[in-house]
Each structure stands twice: as C-alpha cells, then as structure tokens.
Number of protein chains: 2
Amino acid sequence: MKKKILISDIAKQLNVSITTVSFILNGKAKEKRISDELTARVLKFVEEVGFKPNQLAQSLRTGKTKTIGLMVEDISNPFFASIARLIEERAYKEGYKIIYCSTEDDTAKTQELISMFRDMHVDGYIITPPEGVKEDLKKLISDGFPVVLVDRQIRGVDTHSVVVDNYSGTYSATSHLIRQGYKNIAFITIDSKQSQMVQRLEGYTKAIEENQLNTNILEVLYHQSASQMIQHIASFLGERKEIDAVLFATNYIAVRGLEAINQLDLISLAPNFGVVSYDDHDVFTLVRPTITAVAQPTEAIANHVIDIMLNLLNIRTKSTQAETLVLPTRLITRSSTPLKKVVQ
Amino acid sequence: MKKKILISDIAKQLNVSITTVSFILNGKAKEKRISDELTARVLKFVEEVGFKPNQLAQSLRTGKTKTIGLMVEDISNPFFASIARLIEERAYKEGYKIIYCSTEDDTAKTQELISMFRDMHVDGYIITPPEGVKEDLKKLISDGFPVVLVDRQIRGVDTHSVVVDNYSGTYSATSHLIRQGYKNIAFITIDSKQSQMVQRLEGYTKAIEENQLNTNILEVLYHQSASQMIQHIASFLGERKEIDAVLFATNYIAVRGLEAINQLDLISLAPNFGVVSYDDHDVFTLVRPTITAVAQPTEAIANHVIDIMLNLLNIRTKSTQAETLVLPTRLITRSSTPLKKVVQ
DNA sequence: GTGAAAGCGCTAACAC
DNA sequence: GTGTTAGCGCTTTCAC
C-alpha cells in the first residue's frame, strides 16, 4: 500500500468514467440512475483495493471537512472530559471528527484557538467561552458557522446554547446545608463574571437570605497555582472559626479546598463541618468523609449539544432560531453533610 | 471577512505574480533573490489584509499537514494528560498541530484511530500502543511515517521509543516497603503483557525474592468497571489478612484499590498497612494517609518524544537509527509507608 | 446513464 | 528576479 490508489485508477481498472465512480462513492448512484449492477461492481472493487478518497482533496473541493472544533475550559477536568468523550462518540458515529482543545479560560488562547480552527476549516464550533470573546463569536456566527455554546452563555451572542440550572443547583445545595442545621455557610468561588458562576452565586445568596443567615463569600483567582489557592482558602477558613459549612462553586475549587480543610484539620476538629461541591468528581467518594455534590447531567448536556450541532450542520436554513436549553442538576447527598448535632 | 482573500488577489493588488507572493510567503525570498523592498511590501500587505493561505490547498499540494497524531491510552489519566499537554505545547511552538485520542488500550479502536489519522494525513504518529497493533505499526513505519512509541515498546517494531525504567521503579518501591518493615507485600496489577507492565512485575518480584519473602500477586482486568475492580481488589485483600502492604501497578488501580482499602477499613484497622502506587496522582496528597508513589518524569518524557518527532519530521534521511530512551523514575515517600511498628 | 473538463487554492518546476 | 503553468485528487456541471 505504498502507492496510493486514486479514483482515476478505479475508473481505469473498471473501464468506467471517474464521474461514475465518484457518483457511486457519494451515494448518488440512484439519483444519477446508474445501474445497480455497475454500482455493485464499483463498490466491490473499491472495497477490495481498500480505496479511500483523499480527504484533503475532498475538503478542498467541497469546502467541508467533516470536522467539529470543540473547545472546553479544561479537558483534564472530569466534567469537561466526560462531555467531550460523549460528544466525540456521537459525532464519530455521524461521520464527524472532533478536534478538541482547552481554553484554560484564557481569552487570548481562545481567540488563537478559534483562529486555528478556522484555518483548519472546521465545519462547526462547540465552545465553553471564557470572558472577552464575544466579538469573536459574533464574527463566527455572522460568517455563517454553526456555533453551540456549552456550560455558559454570553449575553448578546445570538446562538444556541446548552447550560444547566446553576441557580437551582446552588440554591438547593445551600438549602440542604441549612436543613441539616448549618448556620454559617461559606461560598467559595472564583473571580469570574461568567454566567454560570454568577448564577451559582445568586442561588447561594438567595437561599442564605431567605433563611436570614449571613453570607460568607470568598473569591479565589482562577489563574493561580493550586498551592496558592489552597493557601488562600486555608487562611480564609482559618480566620473565620464561625463557619460551619462550605459550598465550593466548582469541583477543582473543592479539591483544593479539601486540601485546605485537611491542613486545618477542620473536619476532625469539628466533626460537624459540612462540605458540598458544585460539580461531582471521582475523588469525592474516595476521601473520608465522602463529599456531597451537585451533579451536572453530563450525558444530557453532551447529547443535546451534538444533536443541535448535527442539526445545524445538516440543515440548509441558516435561520434556525437560537435557543437556550437549560438542564436540571441533581444533588447527591454523601457523608460530608451530616445532620448537625446541636452542642449545648 | 466574509469573502476569503486568495493569494491571487494579493498578487493582483500588488501587481506581482502569484509565484513571487508564494515564494515570499514561504520564506524563499532570499533564495529566489527577490528584492528586499518587494518582500517587505508584500509581507506588509499580507499582514494588513490578514491573508492566510488555505491549509487544505497547501496540504493537498505539499502532502504535508503539519499535524501530528497523538494516541495515548487514556487522556483523562493525569499521567497521559500531562504528557499530552506538554507535547502539544512544544509542537505548537514549532508550527505543528496535535490531534489527540485515547486508545483505551483497545486494539480495534487503536487500529481505527491509526486509519483515521492516515485519512487525515497526519505527518507523524506518537503512540502508546496496546497489544496487537504490531503489524499496523510496522506498516506505518514501512510506509515511511515517523512513529514514536511512548511509555511502552513492542518487541519487533523497529522505531524510536521513550519509556521509563519500570523495573527499577517497582524494585525500589518494593525495597522501600521492605526496608520499612513490611513482610507481606502484595502487587496488584492488570492482565496485560505490555512491556511496561511486565517490567513492573519483574521489579517487584526481584525485590521480594532477594529478601526471601513471598510474592502476592493479583491481576485485575483492565476492561472492567471501576466498581468491579474495587470489588475484585477488596475480596483479594479481605481474604488475605496476612498482607501488610500493597504496591499498585498504576495510578488508576491505586485509586480503585484505595476505595477497596477504605471499604475494608484496612488502614484504620491496621495502622501499619503500607500503600505505594506506581504513577503519581493528584489525589494521593488529598487522601489521608497521603500515598507514597513512584513518579514518572512526565516533562522529560514529553520533551524527548517531541524532540525525536520533530527531528524525524525535519530530517530527510529516512534511516535514523531507531533508539530507545529509558528515563528514571523517582520514589516520592509520603505517609502511607510509615516504618512498621513491630507488634510483640 | 456516462464522460470531459473546469475548478477548489496553492506550490514549484521551468521558462524568460 | 519574475511570470506561466501544470498539477495535488476530488466533485459536479454540462453535454451527449
């Protein structure tokens, strides 16, 4: 197989024209009224010699690469990894390849990636956008590319998006903590104005206020090292001994927060220290106590995203109404949020 | 930017020929003795209008896609994720794109991926091969593609590879446990004949034998669910109360093994139960006790791999001698391997 | 039903 | 030093 076989070789071997072979290969045999006999003969031969059309030539000619660009915040985060896997699987079944990358929530990197994807001629874009890429997205859309936003939205960008009900997620997590008897619940989040983070904060705040409790909010920086974040959380928690529970706004903050809690020996010192994380994570069942979490429906998210994308890709009409799909979260209660014993 | 600008547009605008523009764009201005003045003028214009050559056309013409296919066992495993990231970063700086995929250590999937990469016309292949792909790799190599194997080798495949000294890794981990006073050390690994797994087993066995101890080996199945694996490990450990330490052959076995150990309450029941994992993992500093691990030099691995690949890609000579690079591991001692107290 | 031929956008051998 | 032109391998219009 050193020597690449071409469509012209097929045609020559079979004594038919290139056109005929191409039509058959592209499933247009019926449409072009090519005899079943010939169709079968060509297909059989193609199969035998293992001919595969050159994708580059095909793409250059048709303008389609059958490739979808997928940009998530961080592919090493189990939440995004899981979504990416599911999307890839579905896409693959439909004959699409997925190229994925992590934005690291960095505006410049994301812009570069978008530009790289354009250069690669991807047919569609699935993105968890960081802040500051509004104009880039609008450009993509106005240039006619299918764009589906995941996990978060950008105000003013008119395109499809699939998100979860962040507000209810943190609202119910906070309510759960309150019901379990915790009174001083901290919310540890990141310094981000992204829609999903804002909504998570709102859900927490609402639940706290409804119960006439006080909010305790810490915003750590996204772009800082793990150890810095741990330190930051540890000093916050260390200074406020009155805090008896904490809700982490993402799983990676929680993982680092747990490290801080370990360092402070918070749980062993106060056996009734409550912990909840937004986003589930494998390690939450590994550590003791196991950690209560707000699970996001990764499968549903992935399925909806790819459905919408495939639809956009196949439909001629440019003008599908942009719609936002909001999926529910689910609180998984584990041992980190026990009923708080009242100490006299 | 709705309308794509072409190289012919540039030529027309500037009143020069397409060739000239192409030469300048490809850095052959000097070589073709094009005036500095013209070169500068073209470059300036190209910059201004934001012209980017169509990669598809370029690739079709040159036969090069400036893309490297990277297939790791499991991109969600921190070890592979970290290597992939580092490779991607370096490759990107050299003007190469990386397409990555997980083989899941599945022969058929890997073959499909290799075929997909061929279809995509990647310029080179970086692979952590599962069993059973020997012929596919040989084919790739004999067809002239640069192939670099990582983490494991395949006997009889004559190509470059970067691996670590697995034997010494488990040997020193086992020796460490013995030195700490453990007498019944189990080795929990997977049912794989891959080079790296075989070597890890050998290192363990050697250390055990040198000390006239008994081996306790459990092979779990790679392709089974997490809970099945946990169950499997738990029943093994539960049945053999004499085991006082365990060395896990990979980080994901260790993570599941820890779950099993938790279920059995092994560490709290026997405070001197020793645990070591081959491969480090973030959670090993999160759980209590923190887990001693054999760390692999991911950075060095990634750097060597990409160095070799770039070299292969740039050098004309097909006949670079295939060589295997063996990197050392490092034992990170944490609290899961305390000096064993002798109980009278 | 089938074939000839015009590109898709670029590179580079060859001519001048 | 610069321009003409023949492809890279495929799809698809148009003619027969």
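Source: prediction; values computed, not measured.
Per the geometry, CG belonging to Asp36(B) stands 12 Å off C1' belonging to dG1(D), to the nearest Å. Taking atom NE2 on His121(A) and atom C1' on dG9(C), their separation rounds to 9 Å, with Å as the unit. One can place CD1 of Ile7(A) at 13 Å from C1' of dG3(C), the figure rounded to the nearest angstrom. Lys12(A) has its NZ atom 12 Å from the P atom of dC10(D), to the nearest Å. When the C1' atom of dT13(D) is taken as reference, atom CG of Asn26(A) falls 15 Å away, rounded to whole Å. The separation between Glu37(A) atom CD and dT2(C) atom C1' is 14 Å, rounded to whole Å. At whole-Å resolution of the value, NZ in Lys30(A) and P in dT2(C) are 12 Å apart. Distance Lys32(B) NZ to dT11(C) C1': 11 Å, rounded to the nearest Å.
Taking side-chain N and O atoms only, Ser17(A) has a distance below 4.0 Å to OP1 or OP2 of dG3(C). Side-chain nitrogen and oxygen atoms of Gln58(A) include at least one within less than 4.0 Å of the OP1 or OP2 phosphate oxygen of dT11(D). Between dT11(D) and Ser22(A), a contact under 4.0 Å exists linking OP1 or OP2 to a side-chain N or O.
A heavy-atom distance below 4.0 Å to DNA chain D is reached by these residues of residues 38-48 of chain B, ordered by number: Leu38(B).
Between the side chain of Arg61(A) and the base of dG7(C), at least one donor-acceptor pair of N or O atoms lies under 3.5 Å. A donor-acceptor contact under 3.5 angstrom links the side-chain atoms of Thr19(B) to the base of dT4(D).
Nucleic acid contact class of Thr20(B) (heavy atoms, under 4.0 Å, all strands): sugar-phosphate only.
Heavy-atom nearest nucleotides on DNA chain C were determined for Ile34(A) and for Lys28(B), and the one closer to the 5' end corresponds to Ile34(A). Judged by closest nucleotide on DNA chain D, Phe23(B) is the one of Phe23(B) and Thr62(B) placed further toward the 5' end.
Nearest heavy atom pair, residue Val42(A) against residue Leu14(A), reads CA-CD2, 3.7 Å.
Of all nucleotides listed (dG9(D), dT11(D), dG3(C)), dG9(D) comes nearest to the side chain of Leu60(A).
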- Item | Tyr92(A) and Met116(B): CA distance, side-chain angles, deciding distance, side-chain contact (heavy atoms from CB on, under 4.5 Å) verdict | CA-CA 11 Å; Tyr92(A) 193 68; Met116(B) 183 179 117; 3.6 Å; yes
- Evaluation steps, side-chain contact (heavy atoms from CB on, under 4.5 Å), between Glu135(A) and Lys139(A): CA-CA 6 Å; Glu135(A) 293 310 319; Lys139(A) 188 123 186 316; over 6 Å; no
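Side-chain contact of Ser17(A) with Thr20(A): a donor-acceptor pair under 3.5 Å is present, judged by distance alone. Side-chain contact annotation: Ser115(B) with Lys52(A), donor-acceptor N/O pair under 3.5 Å present.
Both cation-pi conditions hold for Lys66(A) and Tyr96(A): the charged atom is under 6.0 angstrom from the six-membered ring centre and inside a 45 degree cone around its axis.
Within the 4.5 Å cutoff, the side chain of Met71(A) has no heavy atoms near those of the Thr128(A) side chain.
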